[in-house]
Amino acid sequence: MRELSWLAVLLGVVIGALLAAANAFVGLKVGMTITASIPAAVMALLILRTLLKRGTLLEGNMVQTVGSAGESAAAGMIFTIPALFIMGENPAYLEMIIWGGIGGLLGVCFMVPLRYVLIVREHGVLPYPEGVACAEVLESGERGGAGAKSVIWGAIVGGVYYLLNGLGFWNDTGRIAIRRFRTEAQLDSSPALLGIGYILGPRIAGYMLSGALLAWFVLIPAIAFFGADVEQPIFPETAKSIAQMKPVDIWEGYIRYIGAGAVAVGGLISLFKSLPTIVSAFWRVLGSIIRTPRSSRDRTARDFPSSLLILIIAGLAYAMWRFEQVKLDHIGVIAVVVFTFFFVTVSSRLVGLVGSSSNPVSGMTIATLLATALGYKFFVMDRAAEVSGADLTALKITCLSVGAIVSVAISIAGDTSQDLKTGFLLKATPYKQQIGEMLGVITSVLVIAGLLLLLNKAYGFVETPEKPHPLPAFQANIMKIIVEGVLGGQVPWTLILMGGAAAVVVEMLGLPALPFAVGMYLPLGLSSPIMVGGIIRWIIDRRRRQQTKHDPGVLTASGLVAGKGLMGVALAGVTALIAWAWKDPRWINTFAEDGPQTEAVSPAHLVPWVWERFGGMPAGEQTSIAYWWLPQAWWDALPMFPFVLLVMWLWWCARRRPPVTPPAAASATVEPPERDLLTPVTFPEEPGVPQDPPGEAVLIPPPGMVDDVSDDLVKGDAATAELSSGPNVAPGDEPASSWPGARGIGETEDRDARHSPSDNTSV
């Protein structure tokens, strides 16, 4: 059966590039990304089976394997590298490629010896929910095709909506001033935020909104009240007094630091709570690797050659040490290898236990940055006679380089684990999947590095007169604050410690601190549409008498997220192209009369140019034709109207029922008796290989579809219960793996060996 074909690799690269671009833009805009495994699987089915009328089951699996690597690489890179742009240290294209490529390849390489230990030996203990879900989608061609159409329609609607918004038909955020409290109510009309809220569900969205309400209706009014009579700026603000500041200025100058402290402490809390599992998992995996048998002649048991694997890891370590572009010394190289090996092991097992949505990537990256920065602080800076500004900047870049490589490796390891689980269920060839992961990493890194340069040029990450609406880069700002705080001490530690104390209090109350902290850090306008999406999900789940698999609402919401990201990247590219082709003098920033000229390009420049050139409107700074005839109050409320239409459309899509497997297809396969997925599977003993005990059964939440900020959002019983409404398992569903579906081409093995039905469980 064809598997690692040119068609599969090419489709995977294209899908991976598109999903990486969409997730990179959305992640920088709203601080969240969605996992690409399910969208990549349904898109593979739509293209191979519906459009091309060809392709095998294993080719579809390879497309999904290569394509999903792009989103994971994007998450690791956009959450760390933009911190350098924010600091004014613009990294080169080659530097970003090397950081992302080394991190991604290390994540795949360190996962190779773990495959047999975690995927095969602990098949009945570690379900890998996203991997099982992708296997079901790929096997169920008819259901997968319908799911692909939901994703595509969501992307079209989200893209068109964002295009009209970007051309200035309405403002981004609706605002209502509340002057008595010196604050305002906000709602961002973004389709991506509405989709993320539907995917997260009402509980996590409620935690985020509660943090935002505390910040905007308690802290901002309190700061405005107590600082009303202070005439001088209060640190960290240096330009305005509190009496002169608007609510958004108070949030920018003070609340963000409180939220950053809460996020950092919340991420560490999620990591510390996992320490018992982390330590036991690490030693258990390490011991099992020693007892792993040699490569088998069986196709489904062949991994990437060990000798070549060692050469690749050694070559990557040497490249980190010798390549000037990596910005690492011997201490940094050691830190990368140690943290990557440890956290890849942890990530691989944790995503098997609780799914990718509960993988504390942010916590592990923060821990890496803290340990690395403290190491340089005590062993380099404190022992040096004098540390110049250039040396301090170099140390900051080194710490962020370590964090970027480790973050990409952690993200890729979690994705690789789920993909290998899918391959195990579908009887794929492991070493071919591992090659596909490497190809997906390399190609997606090339796209993401160029995309970061384009987005920095078009939107920027710091507000300037030329770029008034920069990308917030939520996680990157957190990483910058941590590194500068440890090495330079140039942050308001009082505000950060206040946020950390708030996170501890929330955790002591039995609530997950991280989603609460995220809501405190983000503007209120970003949390409110997420809550609207969560409310839609809650109403749909309550009204639906019989829960359905492959929720069309979740797939449509995923399309909304992807559509905004792709259209945002397209607008940035078109703006840059027009600026280059027309050489409009308004888009040129001259540093000196005889000095270099650079294009200060932003989509904000595109809108007045379009209206002037094609709409007959006079040139001006306003970005919307509606602004010319609407009063200010109506202009601020205008985004509510298209947002209501978007909510109604998502409601209509979510109420539909997906097609089920035809009875003929269901009756064509004789199903074995159901067995609980949590029941340990006993594998045949191999000569000279002692068998591990099966371990204790664990309760596994169904898969979610939101990465990083949300990969840390899940905490305890309250939070993970909401994620039971993931894309492939809804509350009350029978398990996805128990669905009867068409058997793959050429598959004659017992289905029971590939699928273990599970109960609907939650942690």
Side-chain angles (χ1 to χ4, degrees), residues 73 76-110 312-347 361-384 387-413 441 445 449 452 475-476 478-488:
M77 294 178 69
I78 66 175
F79 295 154
T80 50
I81 294 178
L84 296 171
F85 290 100
I86 298 171
M87 294 167 55
E89 303 293 331
N90 296 332
Y93 179 67
L94 182 59
E95 293 174 355
M96 292 187 286
I97 289 176
I98 294 176
W99 289 331
I102 290 176
L105 291 177
L106 284 177
V108 177
C109 290
F110 283 142
I312 293 176
I313 295 175
L316 293 175
Y318 181 79
M320 286 187 288
W321 180 43
R322 298 296 296 177
F323 283 8
E324 181 181 354
Q325 293 85 352
V326 185
K327 311 292 186 184
L328 295 181
D329 53 14
H330 63 283
I331 298 178
V333 174
I334 295 173
V336 167
V337 174
V338 171
F339 284 119
T340 300
F341 176 73
F342 181 76
F343 284 136
V344 162
T345 304
V346 172
S347 175
V361 176
S362 294
M364 289 186 275
T365 304
I366 290 173
T368 299
L369 281 178
L370 280 175
T372 305
L374 289 172
Y376 278 107
K377 173 72 173 177
F378 291 115
F379 295 105
V380 177
M381 294 180 61
D382 291 351
R383 296 187 181 185
V387 178
S388 64
D391 294 336
L392 181 60
T393 300
L395 289 178
K396 293 178 182 178
I397 294 175
T398 299
C399 292
L400 288 171
S401 301
V402 172
I405 295 173
V406 174
S407 180
V408 174
I410 295 171
S411 299
I412 288 293
V441 166
V445 163
L452 287 175
Q475 285 88 352
I478 300 292
M479 307 305 172
K480 168 184 173 289
I481 290 173
I482 290 174
V483 172
E484 288 187 343
V486 174
L487 296 180

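Numbering of residues begins at 1 and proceeds along the displayed sequence.
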Exercise. Going by the angle between their ring planes, with limits at 30° and 60°, are F339 and F343 parallel, tilted or perpendicular?
Worked result: parallel
Are side-chain heavy atoms of [X] and [Y] found at a separation under 4.5 Å?
X: V337; Y: M320; value: yes
X: L84; Y: E95; value: no
X: V483; Y: L369; value: yes
X: L392; Y: L487; value: yes
X: S401; Y: V326; value: no
X: V406; Y: T372; value: no
X: V344; Y: L106; value: no

[atom1]/[X] to [atom2]/[Y] distance, rounded to the nearest 0.5 angstrom?
X: I410; Y: I412; atom1: CD1; atom2: CD1; value: 11.5 Å
X: I405; Y: L105; atom1: CD1; atom2: CG; value: 11.0 Å
X: C399; Y: I331; atom1: SG; atom2: CD1; value: 10.0 Å
X: E324; Y: I98; atom1: CD; atom2: CD1; value: 10.0 Å
X: T340; Y: I102; atom1: OG1; atom2: CD1; value: 10.0 Å
X: Q475; Y: S407; atom1: CD; atom2: OG; value: 9.0 Å

Problem set entry | I313 and F110: CA distance, side-chain angles, deciding distance, side chain to side chain contact (heavy atoms under 4.5 Å, CB included) verdict | CA-CA 9 Å; I313 295 175; F110 283 142; 3.8 Å; yes
Exercise. Would L400 and M87 count as a side chain to side chain contact (heavy atoms under 4.5 Å, CB included) if you check the C-alpha gap in whole Å, the side-chain angles of each, and the deciding distance to 0.1 Å?
Worked result: CA-CA 11 Å; L400 288 171; M87 294 167 55; 3.6 Å; yes
Problem set entry | Contacts of type ring pair (Phe, Tyr, Trp, His ring centres under 6.0 Å), residue Y376, not counting sequence neighbours | none
For this session: Keeping to residues at least two apart or across chains, list the ring pair (Phe, Tyr, Trp, His ring centres under 6.0 Å) pairs with something in residues 81-103.
Result: F85-F461
Shortest non-hydrogen contact from [X] to [Y]?
X: M364; Y: S347; value: CE-CB, 4.3 Å
X: V402; Y: A335; value: CG1-CB, 4.3 Å
X: A83; Y: K480; value: CB-CB, 4.0 Å
X: I482; Y: L370; value: CG2-CD2, 3.6 Å

Exercise. Stepwise, does the side chain to side chain contact (heavy atoms under 4.5 Å, CB included) test hold for V408 with V445?
Worked result: CA-CA 10 Å; V408 174; V445 163; 5.7 Å; no
For this session: Mind jotting down which residue pairs meet the salt bridge (Lys or Arg N to Asp or Glu O under 4.0 Å) criterion with at least one end in residues 393-407? Sequence neighbours excluded, please.
Result: none
